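Heads up: the structure comes next, in structure tokens.
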Amino acid sequence: MPELPEVETTRRGIEPHLQGRTIKKLVVRQPSLRWPVPDNLPRLMKGKVIQSVERRAKYILLKLSNGSAILHLGMSGSLRIIEADEPPMAHDHVDMMLDSGQALRFTDPRRFGCLLWQGVKEDTHKLLASLGPEPLSDQFDGERLFQLSRGRKSAVKTFIMDNKNVVGVGNIYANEALFAAGIRPDRAAGKISKQRYLLLADEIKIVLAKAIEQGGTTLRDFVGGDGKPGYFKQQLKVYGRGEELCLVCKGELTEIRLGQRSTVYCRRCQR
DNA sequence: ATAATCACCTGCTCGC
DNA sequence: TGCGAGCAGGTGATTA
């Protein structure tokens, strides 16, 4: 369930239950995630207070006094708050037992997610060290996209999904932002004008911010329940609508594959 | 350096 | 009803 809005919604949902709590125990049932959960992680986290619950790109960071846990949900991961005695189901790989009598449970059928560790120095982990700017920050704008894209021949959709350029733009929102900006996803990144990149950057911010805002209404789902926040599919204008009609011009949408990802656009509205 | 492909997994849908 | 094929929201590693 991993696009940036879902990760941020998850962060907001679990934060009130974690911040200030002491970790009584870390239970790792399945250490074989995308990368192995470090053997010494239970020892590092036991007895520590969770100082804050932060997010960088699609990583959720649990900050302790001696370092930070780095969580990624991969393609199918989810986090939710449970009562400590709730029995684990298949794919419930990790429980973080809290002094509140609750636990943070990490579930991930495909095991593309990860749970790693870095010391007190922030962003030193290899996975975090060379990430581009957050899409909703002032460090990200169309000027940056324009400069970085000069001379680049790859498709603009692939370009905005590259986390060196900007983080957190996954397949769904890349499709949506390009539709909103009226840009064909397969156009060479290096051949798009500065003016159009200014518009595209704005649309990326708008679509992500809107999705986060709407995610906010499902926060209750993180406690008990099934912990799945839904993807606001009803809001999507192109993603998942291949062969259907464009909501603006009523023409048939086109579906292609770009870097093996499903890509949907309108030939008339996007140039 | 850049671009394209592969790989890590399970679960679900589709067509036969 | 069963079974293989193909696909899924991520992204680092590997190959040209």
Side-chain angles (χ1 to χ4, degrees), chain A residues 1-11 29-37 55-60 70-79 88-94 106-116 118 125-132 135 147-179 185-191 204 207-208 211-212 214-215 218 226-243 255-264:
Chain A
M1 54 141 259
E3 284 257 0
L4 184 131
E6 288 73 43
V7 177
E8 176 60 20
T9 299
T10 297
R11 190 198 67 75
R29 289 185 206 85
Q30 171 57 281
S32 174
L33 304 181
R34 183 169 187 194
W35 294 284
V37 178
R55 179 186 61 72
R56 175 75 174 104
K58 293 175 187 167
Y59 296 94
I60 288 175
I70 303 170
L71 265 161
H72 196 290
L73 301 176
M75 296 266 267
S76 59
S78 62
L79 291 169
M89 311 262 288
H91 312 307
D92 289 344
H93 305 314
V94 179
F106 175 62
T107 306
D108 184 9
R110 286 178 76 180
R111 290 194 271 136
F112 283 5
C114 64
L115 172 56
L116 298 167
Q118 74 175 356
H125 194 284
K126 194 178 170 186
L127 294 175
L128 303 178
S130 53
L131 292 173
Q147 296 300 342
L148 290 174
S149 64
R150 292 309 89 185
R152 303 289 291 274
K153 290 176 179 167
S154 60
V156 60
K157 175 162 176 270
T158 311
F159 179 75
I160 59 172
M161 290 177 69
D162 183 338
N163 69 18
K164 288 187 291 297
N165 301 322
V166 56
V167 302
V169 182
N171 196 36
I172 294 178
Y173 295 102
N175 278 299
E176 295 298 312
L178 286 162
F179 176 77
D186 58 353
R187 186 162 289 268
K191 298 189 118 179
I204 288 171
V207 69
L208 290 175
I212 290 171
Q214 287 162 11
T218 63
D226 65 4
K228 287 177 188 153
Y231 301 121
F232 328 115
K233 287 208 164 90
Q234 68 283 1
Q235 306 281 337
L236 302 175
K237 297 204 166 56
V238 285
Y239 180 81
R241 298 191 66 247
E243 316 270 300
E255 180 156 15
I256 59 172
R257 298 195 75 74
L258 229 41
Q260 15 265 76
R261 322 295 301 186
S262 163
T263 302
V264 184

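Note on naming: letters A, B, ... go to the chains in the order of the sequence lines (proteins, then strands), and numbering restarts at 1 for each one. Scope of the values below: all heavy atoms of this structure, side chains included, with no hydrogens, waters or symmetry mates. Being a predicted model, the structure only gives us computed values, none of them experimental.
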Between C1' of C:dT14 and CD of A:Q260, the distance in whole Å: 13 Å
Contact under 4.0 Å: A:K126 side-chain N or O vs C:dG12 OP1/OP2: no
For DNA chain C, the dot-bracket pattern of Watson-Crick and G-U pairs whose distances stay under 3.5 Å, | for other-strand partners: .|||||||.|||||||
Start and end of the DNA chain B segment that chain A contacts, any atom under 4.0 Å from a heavy atom: B:dT2 to B:dG11
Nearest-angstrom distance from the residue atom CD1 of A:I256 to P of C:dC7: 15 Å
Which residue lies more 5' along DNA chain C, comparing A:G168 with A:R257 via nearest heavy atoms: A:R257
C:dG10 base / A:R110 side chain donor-acceptor hit below 3.5 Å: no
Beyond-backbone contact of A:Y173 with A:L4, side-chain heavy atoms, under 4.5 angstrom: no
Separation between CE of A:M161 and CG of A:L258, rounded to the nearest 0.5 Å: 9.0 Å
Sugar-phosphate only, base, or nothing, as touched by A:R261 at under 4.0 Å among non-hydrogen atoms: base
A:R111 side chain vs A:G113 backbone, donor-acceptor pair below 3.5 Å: no
Results of side chain to side chain contact (heavy atoms under 4.5 Å, CB included) for A:L148 - residues two or more places apart only: A:R144, A:F159, A:N165
Gap separating the CD1 atom of A:I212 from the CD atom of A:E6, nearest 0.5 angstrom: 9.0 Å
5' priority, DNA chain B, between A:F112 and A:A155 [closest heavy atom]: A:A155
Touch class at under 4.0 angstrom, heavy-atom based, for A:R111 against every strand present: sugar-phosphate
Sugar-phosphate only, base, or nothing, as touched by A:L33 at under 4.0 Å among non-hydrogen atoms: nothing
CD (A:E243) with more than 12 external heavy atoms under 6.0 Å: no
Touch class at under 4.0 angstrom, heavy-atom based, for A:N163 against every strand present: sugar-phosphate
Below 4.0 Å: OP1/OP2 of C:dG12 and any side-chain N or O of A:Y59: yes
Side-chain (A:E176) to main-chain (A:L236) donor-acceptor, under 3.5 angstrom: no
